[in-house]
Protein chains: 2
Amino acid sequence: MVQRGTTRLDASFAALSDATRRGVVEQLGRSDASITDLAERFQMTLTGMRKHVGVLERAGLVSTKKVGRVRTCQLGPRRLEEETAWLERYRRRWDERFDELDRVVDELTRKEKSDERRNRK
Amino acid sequence: MVQRGTTRLDASFAALSDATRRGVVEQLGRSDASITDLAERFQMTLTGMRKHVGVLERAGLVSTKKVGRVRTCQLGPRRLEEETAWLERYRRRWDERFDELDRVVDELTRKEKSDERRNRK
DNA sequence: CCCACGCTGAACCATATGGTTCAGTATTTA
DNA sequence: TAAATACTGAACCATATGGTTCAGCGTGGG
């Protein structure tokens with residue numbers, strides 16, 4: 001059994017699991033944009049885009065501010081450090097496992113060779 | 001308009017958006033495990049765990065092999081480089097935007113100071 | 001003052017997700 | 001050979017997701 005309940009990573013990874021939302025984030029990396037701008041660029045209704053932006057907001061990747069009738073979206077407060085750290089930890093583990101496998105293969109290869117030598121005698 | 005359709009990132013980020021699945025991956029980073037092992041550790045039916053493992057498999061984070069009646073799970077072929085790259089790109093963008101904001105604040109501060117000087121005259 | 005603009009909320013829809021139970025099948029083990 | 005083990009597939013359920021339409025509502029320009 002193990003500790004459960006890290007809802008922050010849940011939200012950010014879920015937010016990133018949609019191509020449209022990743023696109024929106026990339027766009028906002030270049031310049032701020034209104035809901036209308038984004039809806040146009042991603043060929044979607046305002047309502048649909050508003051939902052995506054909502055998801056990104058809740059995950060902290062985007063923040064918005066309404067001035068007059070325009071809601072302007074920009075990159076949000078979160079820098080995704082936790083997420084990056086998770087992925088890096090995974091890769092380290094993956095490399096370890098891979099190295100381990102390498103060592104095993106090496107050992108088997110060595111063993112084979114010495115077996116060959118034995119057989120030649 | 002923009003290119004859509006990067007289903008690989010979709011699958012891996014979606015796979016990582018669930019705490020149980022992240023837990024499974026972490027576990028497999030420590031040692032291989034059967035479905036039964038994982039189901040026990042995460043307090044879930046075999047069927048439920050099998051589904052999670054299926055999701056991870058489809059995303060390439062886990063690979064499995066059935067020997068006799070036991071299915072053994074281990075870390076999969078993908079090293080999540082694309083995913084890490086995406087996050088790093090995001091962070092770079094984020095830092096740029098932040099620096100930009102800093103510069104603007106700096107400028108405003110400078111302006112204020114010179115205004116003060118002007119007012120003192 | 002009026003109309004176009006930008007957005008929003010509610011309702012709806014189809015499909016996906018995260019879980020279960022139950023009834024198998026195949027493989028060990030005693 | 002019988003019983004226990006390990007998994008699997010189908011069916012089901014509740015809720016979430018990704019989208020739409022439609023009817024507003026506040027704002028701003030002419």
I need the CG-P distance between A:Asp10 and C:dT17, as an integer number of Å. 15 Å
Per the atom types in the model, does the base of C:dT8 pair as donor or acceptor with the side chain of A:Arg50 at under 3.5 Å? no
Please state how far atom CD1 in B:Ile35 lies from atom P in D:dT8, giving the value in whole angstrom units. 6 Å
If we only count heavy atoms from C-beta on, is the A:Arg78 to A:Glu82 side-chain gap below 4.5 Å? yes
Find the distance A:Lys66:NZ to C:dG6:P and express it as a whole number of Å. 12 Å
To the nearest Å, give me how far apart CZ (A:Phe42) and P (D:dG19) are. 11 Å
C:dT8 C1' sits how many Å from A:Lys65 NZ, rounded? 20 Å
Value in whole Å for how far the C1' atom of C:dT17 lies from CE of B:Met44: 12 Å
Write down the distance between CG (A:Leu56) and C1' (D:dT17), rounded to a whole number of angstrom. 14 Å
Between A:Gly68 and A:Ser17, who's closer to the 5' end of DNA chain D by nearest nucleotide? A:Ser17
Closest to the side chain of A:Arg69, out of C:dT27, C:dC5, D:dG18, is C:dC5
With heavy atoms under 4.0 Å as the rule, sort A:Leu46 into base, sugar-phosphate or nothing. base
For A:Thr64 and A:Gln74, test the side chains for any donor-to-acceptor distance below 3.5 angstrom and give the result as yes or no. no
I'd like to know if the side chain of B:Asp10 pairs up with that of B:Thr7 as donor and acceptor (distance under 3.5 Å, no hydrogens or angles considered). no
What is the distance, rounded to the nearest whole Å, between atom CZ of A:Arg58 and atom C1' of D:dT17? 11 Å
Heavy atoms from C-beta onward define the side chain here; which of D:dG19, C:dG18, C:dT21 lies closest to that of B:His52? C:dG18
Could you tell me whether B:Thr47 contacts a base, only the sugar-phosphate backbone, or nothing, with contacts defined as non-hydrogen atoms closer than 4.0 Å? base
Atom pair CG (B:Leu75) and CZ (B:Arg30), whose distance is rounded to the nearest 0.5 Å: 10.5 Å
Give, for atom CH2 of A:Trp86 and atom CG of B:Leu80, the distance between the pair rounded to the nearest 0.5 Å. 7.5 Å
Of the listed D:dA6, C:dG18, C:dT8, the closest approach to the B:Val70 side chain comes from D:dA6
How is B:Lys51 classified with respect to the nucleic acid when contacts are heavy atoms under 4.0 Å: base, sugar-phosphate, or nothing? base
Can you tell which of C:dG18, C:dT8, D:dT8 lies closest to the side chain of A:Arg71? C:dT8
